[in-house]
Amino acid sequence: MSPEVLGTPVVDTAKTPGRAQTRAQAARRRKVLVGVARVVLLVVVLGAWETLSRAEVIDPFNFSMPSKIWDQIYTWVTHGTALGSLGEQIWYTLHEALLGWVIGVVAGVLLGIALGRIRLLAEILGPYIKVLNSIPRIVLAPIFLIWFGLGPSSKVASAVVLVFFPVFFNAFQGAREVDRNLVANARILGAGDRRVTLQVVVPSATSWIFTSLHVSFGFALIGAIVGEYIGATKGIGLLVAQSQNTFNAAGVYAAMVILAVVALVAEGLLTFAERRIFRWRPSGSDG
């Protein structure tokens, strides 16, 4: 007797690969559409900016125009800047931001997990962390400049204080959100505090921590740039300050474009690392 007669639904397995292929094609078409829309939007904005500036509808002295910004970047790339080669300025800023980012991330993760695991420590240090977090951290840059001078140390310190808090709060929350059943099962199997923290808490909090890494590197760049803008001997922030002092709007925008490219490359590397680490996690629902 056939399954249809018995009332049992029949799943046509031959259609399943076709349905998956259709979804994959739709996803590819959507990806292409989004990419094209992004390029068109960028071209429209830059074209309108260039047109309005040349027609002097907007002041080209204050707002510059894309063609002058491109000329400024080309000049810096081919002939260097007043401070030296453009690559040297990028590396100087990137080095400060990377060092501050690493220190801030390590400190934020360690303290966040420690306070998330040790309630007494959280109760003691909690009020002080809230007070420090309430301070506008950008205003600390001049203080760091007085303490550490014009060298990279003051910029690294500015980057550290900007990176630390978002990483700390995510690590703290990740440690608090660990499934209690997992911890209880590890205890039953004889795991001590150290093993529970390393093998249960830290892996569970990793996704929380990675979420903060994407935002925190941008904060590290901001810290380095602000420190260089206030006082430095090299770096992209100093290029911004010099361009502003000479009323070179194109130079200010050119430095911003370079920083945006650096930030996008760093974001891409972080996303790649996250996908490699979380290969087990589905990229999205099939809904």
Side-chain angles (χ1 to χ4, degrees), residues 72-73 76-77 80-112 129 131-171 209-210 212-246 248-270 273:
Q72 181 68 79
I73 294 175
W76 282 347
V77 171
T81 70
L83 307 173
S85 68
L86 180 61
E88 183 182 5
Q89 311 313 310
I90 294 174
W91 170 244
Y92 197 79
T93 299
L94 190 59
H95 173 262
E96 295 166 345
L98 280 172
L99 187 55
W101 182 71
V102 170
I103 295 173
V105 166
V106 171
V109 169
L110 292 179
L111 194 60
I129 292 177
V131 169
L132 292 174
N133 186 47
S134 66
I135 299 174
R137 288 177 287 281
I138 290 297
V139 303
L140 296 175
I143 297 176
F144 293 145
L145 185 65
I146 295 172
W147 288 354
F148 304 115
L150 294 176
S153 299
S154 57
K155 289 71 179 175
V156 172
S158 298
V160 169
V161 296
L162 287 175
V163 169
F164 171 80
F165 286 97
V167 176
F168 165 79
F169 285 116
N170 272 42
I209 295 169
F210 258 96
S212 66
L213 297 187
H214 293 277
V215 179
S216 62
F217 186 78
F219 287 162
L221 276 176
I222 292 172
I225 292 299
V226 170
E228 291 173 349
Y229 182 85
I230 294 173
T233 57
K234 292 180 182 179
I236 301 297
L238 184 56
L239 283 180
V240 173
Q242 288 187 340
S243 298
Q244 179 187 359
N245 293 335
T246 57
N248 180 11
V252 175
Y253 287 116
M256 292 170 59
V257 170
I258 293 169
L259 286 174
V261 171
V262 172
L264 286 174
V265 171
E267 173 69 17
L269 292 175
L270 283 173

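Just so it is clear, the model here is predicted, and its values are computed rather than measured.
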Basic-acidic side-chain contact under 4.0 Å: K155, E228:
no
Against S212, only a single residue in V109, V167, V163, V105 fulfils side chain to side chain contact (heavy atoms under 4.5 Å, CB included); can you say which?
V167
Do the non-hydrogen side-chain atoms of L86 and I258 ever get within less than 4.5 Å of each other?
yes
Output the distance between atom CD1 (I225) and atom CG (L238), rounded to the nearest 0.5 Å.
10.0 Å
Side-chain touch Q242/T81, heavy atoms, less than 4.5 angstrom
no
Name every donor-acceptor pair, under 3.5 Å, that has one atom in a side chain of residues 137-149 and the other anywhere in the protein, sequence neighbours excluded.
residue	atom	partner	partner atom	Å
R137	NE	V161	O	3.3
R137	NH1	N133	O	3.0
R137	NH1	N133	OD1	3.1

Residues A254 and Q72: closest non-hydrogen pair is CB-CG, 3.8 Å
Roughly how far, to the nearest 0.5 Å, is the CG atom of L94 from the CG atom of L99?
11.0 Å
Do you know the tightest heavy-atom contact between E96 and A224?
OE1-CB, 3.9 Å
Report yes if the side chains of W101 and L213 come closer than 4.5 Å at any heavy-atom pair, otherwise no.
yes
Side chain to side chain contact (heavy atoms under 4.5 Å, CB included) partner of L83, chosen from I236, L239, T233
L239
In chain order, what residues pass the ring pair (Phe, Tyr, Trp, His ring centres under 6.0 Å) check against Y229, with sequence neighbours excluded?
none
Is the shortest heavy-atom distance from the side chain of P166 to the side chain of V215 under 4.5 Å?
no
Ring geometry between F164 and F168 (parallel below 30°, tilted from 30 to 60°, perpendicular above 60°):
parallel
Spacing of F165 atom CZ and L111 atom CG [to the nearest 0.5 Å]
9.5 Å
Smallest heavy-atom separation, G251 atom then W76 atom, equals O-CH2, 3.4 Å
Search all heavy atoms of V252 against all heavy atoms of V240 and return the closest pair with its distance.
CG2-O, 4.1 Å
Is it the case that the side chain of T93 and the backbone of I90 share a donor-acceptor pair, with hydrogens and angles ignored and the cut-off at 3.5 Å?
no
If only atom types and distance count, is the side chain of S154 paired as donor or acceptor with the main-chain N or O of L150 below 3.5 Å?
no
Minimum heavy-atom separation for G100 to A159, with atom names?
CA-CB, 3.8 Å
